[in-house]
Amino acid sequence: QQQVKQSPQSLIVQKGGISIINCAYENTAFDYFPWYQQFPGKGPALLIAIRPDVSEKKEGRFTISFNKSAKQFSLHIMDSQPGDSATYFCAARFIGFKTIFGAGTRLFVKA
Amino acid sequence: DVKVTQSSRYLVKRTGEKVFLECVQDMDHENMFWYRQDPGLGLRLIYFSYDVKMKEKGDIPEGYSVSREKKERFSLILESASTNQTSMYLCASSHGTLFFGSGTQLSVL
């Protein structure tokens, strides 16, 4: 049973465009929602994260939007660059430390 | 910088072999995790440990066991490797945020 559903599976965006990845969760016991970025041959690395009492968090070109009532959150990458091409995972952490991941989105930014 | 080191980048084993995957972290984190990564399925939690000699099953523990004799080291054991255990295995340590190693690509033939 997948507790965090992520879409799309893959995404192609023109350089300078906006990349949007969506996630939905079911369990209200989650208390922390991170996004991880993974380049080929590397392990995932934390990109940005949000807590459920906040509706939006922005760090540079990356923004998380969080809708607690709908149990949905999304990652927006503004002015997407070829260097952003990677696999992105949304995740949700239970109170404590067990983290559940979405299936991942492979982003390709065309130059 | 936090460093999580996995002992092998690539590993090829035969069906039925006992396989050990080793992971070491240098940040004195209490929590350590083993995930496997498969295309279209994301990262799935196999086992985790919140202290030395303590372990908890994750979502897919069948066919695996773990060992944590020292705080910095967390080992994943495949008791009798099968072809459906061919996967990328990722170790992580955490004090809140997960820090991952570079992974071990295991092929079971």
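Being a predicted model, the structure only gives us computed values, none of them experimental. Numbers restart at 1 for each chain; the letters A, B, ... are given by sequence-line order, proteins then strands.
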Side chain to side chain contact (heavy atoms under 4.5 Å, CB included) partners of B/V24, counting only residues at least two apart: B/E72, B/R73
Distance col, row B/L43:CG vs A/Q38:CD, nearest 0.5 angstrom, shows 7.0 Å
Beyond-backbone contact of B/D59 with A/I100, side-chain heavy atoms, under 4.5 angstrom: yes
Distance-minimising heavy-atom pair for A/A103 and B/G40: CB-O, 3.4 Å
With the side chain counted from C-beta on, respond yes when A/T99 and B/Y35 share a heavy-atom pair under 4.5 Å apart, and no when they do not. yes
Grouping I, L, V, M, F, W and Y whenever their side-chain heavy atoms are under 4.5 Å apart, do A/L47 and A/F66 come out in a common cluster? yes
From B/T97 atom OG1 to A/R93 atom CZ, the distance as rounded to the nearest 0.5 Å: 7.5 Å
Against chain B, label A/P34 side chain, backbone, both or neither, depending on which of its atoms sit under 4.5 Å from a heavy atom there. neither
Joint cluster assignment, A/L107 & A/I20, ILVMFWY side-chain distance < 4.5 Å: no
Listed by number, the residues in residues 45-53 of chain B that come under 4.5 Å of chain A (heavy atom to heavy atom) are B/L45, B/F48, B/Y50
Transitively linked via ILVMFWY side-chain contacts under 4.5 Å: B/I60 with B/F100? no
Between B/L106 and B/M88, is there a shared hydrophobic cluster once you connect ILVMFWY residues whose side-chain heavy atoms come closer than 4.5 Å? no
Would the number of heavy atoms belonging to other residues, nucleotides or ligands and lying under 6.0 Å from CD of A/Q81 be above 12? yes
Donor-acceptor pair, A/Y36 side chain versus B/L98 backbone, under 3.5 Å? yes
Could you look at B/Q37 and say if it's the side chain, the backbone, both or neither that has a heavy atom under 4.5 Å from chain A? side chain
So CZ of B/R44 and CZ of A/F101: to nearest 0.5 Å the spacing works out to 13.5 Å
Among the clusters formed by ILVMFWY side chains lying less than 4.5 Å apart, do B/W34 and B/L90 turn up in the same one? no
